[in-house]
Amino acid sequence: MHALPKAELHVHLEGTLEPELLLRLAQKHGIPTPYESVEAARTAYQFDSLQSFLNLYYKGADVLRDAEDFYTLTWEYLTRAHAQNVCHVEPFFDPQTHTARDIPLDAVFEGITGALRQGEKEFGITSGLILCFLRDLSEEAALATFEAALPFRDQFVGVGLDSAEVGNPPSKFTRVFANAKAEGLHLVAHAGEEGDSSYIWDALNALHVTRIDHGIACEQDPVLVAYLREHAIPLTVCPLSNLKLKAVPSMKEHNILRLLKEGVCVTVNSDDPAYFGGYMNENYEALVTHLGATKEELKALTCNSFRASFLGEKDKQAHLARVESM
Ligand SMILES: Nc1ncnc2[nH]cnc12
Ligand SMILES: [Zn+2]
């Protein structure tokens with residue numbers, strides 16, 4: 001499993017901020033931190049809901065101030081991903097978390113894409129960056145963010161939707177997703193994480209996304225499960241995240257392998273690994289330990305990660321052939 005080549009399609013770069021780096025950057029910028037030590041930070045990372053996590057996650061992101069910080073953040077993530085045989089990544093970032101603090105967008109892009117380029121050069125990790133809108137903010141704010149990001153259009157391949165789900169349905173963002181589609185961008189959205197299956201339908205029908213982030217609530221609606229299977233709409237599932245944020249009561253009750261058996265294109269991802277206690281391999285390991293995932297199932301999940309990616313057909317086939325040969 002460790003040796004299997006994998007693609008990661010659901011990871012928030014801000015969620016890869018390990019306590020060690022958080023403290024280092026706080027010291028660099030002379031910012032008081034809410035944590036006295038790495039241990040204190042890890043102890044504080046206890047959540048009972050998505051919102052309780054987001055409160056700490058946005059607070060942590062405050063230490064990211066300049067291009068060098070975004071470079072280091074992304075580089076450290078890529079180094080960990082490479083050590084776990086992740087060979088393609090489609091990471092998210094939240095520009096509004098940074099522009100709200102007057103961090104210029106060009107510093108954010110410069111740092112992130114500089115590291116992604118270096119990751120391809122040094123590790124051979126290919127990537128496609130996804131710009132996420134914060135759904136608890138207005139669509140006007142998302143539209144302004146999208147306009148501001150257009151000068152960097154060649155540095156991202158898609159747009160997504162994240163932050164507090166319940167009460168912020170995808171259809172709130174219909175216009176900005178239509179604009180992104182007109183720009184030829186890929187469309188994804190978090191849906192059915194804490195929200196019910198109606199959020200997934202809404203993301204499909206109102207935003208026309210081609211991939212759903214999380215999506216575990218689809219099981220509430222058998223018609224939706226059949227739709228996802230028949231239209232080959234992938235789900236980027238994040239098992240450890242779902243456990244930590246109590247989207248599932250226990251790992252034993254996680255539905256990822258049930259959905260795999262039902263023919264849904266489910267994939268394994270880490271979401272916010274610095275906060276949820278594991279990167280890609282720890283997420284796969286949880287499926288072996290608690291759900292008895294077999295080698296064939298692990299291979300099917302890694303194959304799905306390439307099928308569900310925004311790689312070109314030739315690259316997908318090359319990766320799939322490598323997995324099949326193992
Ligand atoms: N799991 C998650 N759900 C929604 N927004 C997020 N932002 C970072 N992680 C998230
Ligand atoms: Zn997420």
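As a basis for the values below, the full set of heavy atoms in this structure was taken, side chains included, without hydrogen atoms, waters or symmetry mates. If you read the sequence from its start, that first residue is 1, and numbering goes on from there. As the structure lists them, so they are numbered: ligands from 1, and atoms in each ligand from 1.
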Discussion item. What I want to know is whether Glu193 and ligand 1 share at least one N or O pair that is separated by under 3.5 angstrom.
Written reply: yes

Worksheet entry | Any N or O of Asp271 closer than 3.5 Å to N or O of ligand 1 | yes

Worksheet item: Is it true that Gly15 lies under 4.0 Å from ligand 1, counting heavy atoms only?
Response: no

Worksheet entry | Test item, Phe53 contacting ligand 1 (heavy atom, 4.0 angstrom) | yes

Discussion item. For atom 9 (N) of ligand 1, what is the closest protein heavy atom, and at what distance to 0.1 Å?
Written reply: Asp272 OD2, 2.6 Å

Discussion item. Test of understanding: given a 4.0 Å heavy-atom threshold, classify the contact between His214 and ligand 1 as side chain, backbone, both, or neither.
Written reply: side chain

Worksheet, complete the sentence: With heavy atoms and a 4.0 Å threshold, my read on which part of Phe92 contacts ligand 1 is neither

Worksheet entry | Opening angle at the Zn ion (ligand 2) [NE2, His190; NE2, His12; to 10 degrees] | 100°

Practice prompt. State, to the nearest 10 degrees, the angle whose vertex is the Zn ion (ligand 2) and whose arms point to NE2 of His10 and OD1 of Asp271.
Written response: 80°

Fill in: With sequence neighbours excluded, residues passing salt bridge (charged side-chain N to carboxylate O under 4.0 Å, His left out) with Glu20
Arg42

Discussion item. Please determine whether a side-chain nitrogen of the Lys or Arg among Arg24 and Glu76 lies less than 4.0 Å from a carboxylate oxygen of the Asp or Glu.
Written reply: yes

Worksheet item: Are Asp69 and Lys28 close enough for a salt bridge, meaning some N to O gap below 4.0 Å?
Response: yes

Practice prompt. Scan Asp62, Asp94, Asp66 and name whichever one has a salt bridge (charged side-chain N to carboxylate O under 4.0 Å, His left out) with Arg101.
Written response: Asp62

